[in-house]
Amino acid sequence: MDFLRRIEDDVRNLGVESKRKHPEVREAAERALLTLRTMRESYVSEVMRGSSSDGTNGDDSSRGSPRIAKFRSAEVSAPYVLACGTGEVEMPIKLVKLALNGIQILLNYEVVPPSEAGNILRVLLVQSHSTSADVQLKVLQIVLQLANALAADV
């Protein structure tokens with residue numbers, strides 16, 4: 001459940017950073033927080049069921065910890081995708097860096113559904129043209145991570 005708290009904190013920070021200048025990012029962050037709250041409740045429920053089971057079913061819930069990939073949601077990745085921009089709207093570099101770090105966290109915890117890969121690749125393409133070397137480096141890291149995640153799902 002610690003991974004959900006970390007993602008919640010990150011989404012909350014993204015929403016705060018977007019302030020009034022980017023209400024679409026803030027609204028997406030609020031929706032993501034609601035989704036994360038529901039996921040956390042579901043996670044707790046799964047853990048409770050897993051700890052009361054006899055451990056014969058052989059999946060992760062028999063050890064009291066449900067599979068993290070079960071909690072994949074496009075709703076959670078939406079604020080990060082919006083904060084990276086579309087190329088038509090220039091987003092502040094600080095917001096873009098937060099968003100790219102958030103995408104990387106989501107990939108680390110395997111909560112990005114494969115159906116979101118196209119959206120993430122689109123924003124990575126936009127950000128690959130950034131003049132910031134930090135952003136370009138983060139884009140390369142995420143592309144490798146995304147390719148590995150997609151290969152694991154095949």
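Nearest heavy-atom pair, G85 versus R122, reported as atom, atom and distance to 0.1 Å: O-NH1, 4.4 Å. Closest heavy-atom contact between G102 and D10: CA-OD2, 3.2 Å. Pairing each heavy atom of I7 with each of Y80, the nearest pair is O-OH, 4.0 Å. Smallest separation of non-hydrogen atoms from K138 and Q104: NZ-OE1, 2.6 Å. Pairing each heavy atom of L146 with each of A117, the nearest pair is CD2-O, 4.2 Å. Considering every non-hydrogen atom in both V96 and A83, the closest pair reads CG2-O, 3.8 Å.
To the nearest 0.5 Å, atoms CD1 (I120) and CG (L107) are separated by 5.5 Å. For the atom pair CG (L4) and CE (M39), the distance works out to 6.5 Å, reported to the nearest 0.5 Å.
You'll find the side chain of R72 stays beyond 4.5 Å of the side chain of S115, heavy atoms only. A heavy-atom distance below 4.5 Å is not found between the side chains of L82 and M91. Two residues are said to be in side-chain contact when any heavy atoms from C-beta on lie closer than 4.5 Å; S73 and V112 fail this criterion. Between S77 and I103 there is no side-chain heavy-atom pair separated by less than 4.5 Å. Between H22 and P92 there is a side-chain heavy-atom pair separated by less than 4.5 Å.
In this structure a side-chain-to-backbone donor-acceptor pair under 3.5 Å is present from R26 to G15. R31 contributes no side-chain N or O that, together with a main-chain N or O of E75, makes up a donor-acceptor pair within less than 3.5 Å.
Side-chain N/O atoms of Q136 and S130 include no donor and acceptor closer than 3.5 Å.
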Task: Residues E116, N119; criterion side-chain hydrogen bond (donor to acceptor under 3.5 Å, both in side chains); working and verdict - done: CA-CA 5 Å; E116 279 297 292; N119 287 333; 3.2 Å; yes
Open item on the list: Let's go through V111 and F3 carefully: what are the C-alpha distance in whole Å and the side-chain angles of both, what is the deciding distance for side-chain contact (heavy atoms from CB on, under 4.5 Å) to 0.1 Å, and is it a yes or a no?
Closed with: CA-CA 10 Å; V111 295; F3 75 97; 4.1 Å; yes
Task: Full working for side-chain contact (heavy atoms from CB on, under 4.5 Å) between L124 and L100 - done: CA-CA 9 Å; L124 293 176; L100 291 173; 3.8 Å; yes
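Using a cut-off of 4.0 Å between Lys/Arg side-chain N and Asp/Glu carboxylate O, D9 and R12 are scored as salt-bridged. Comment: R37 does not engage E41 in a salt bridge, judged by the lack of any side-chain N to carboxylate O separation of less than 4.0 angstrom. A salt bridge links E8 with R40; the closest basic N to acidic carboxylate O contact falls under 4.0 Å.
Linking ILVMFWY side-chain heavy atoms closer than 4.5 Å, directly or via other members, places L14 and I93 in a single hydrophobic cluster.
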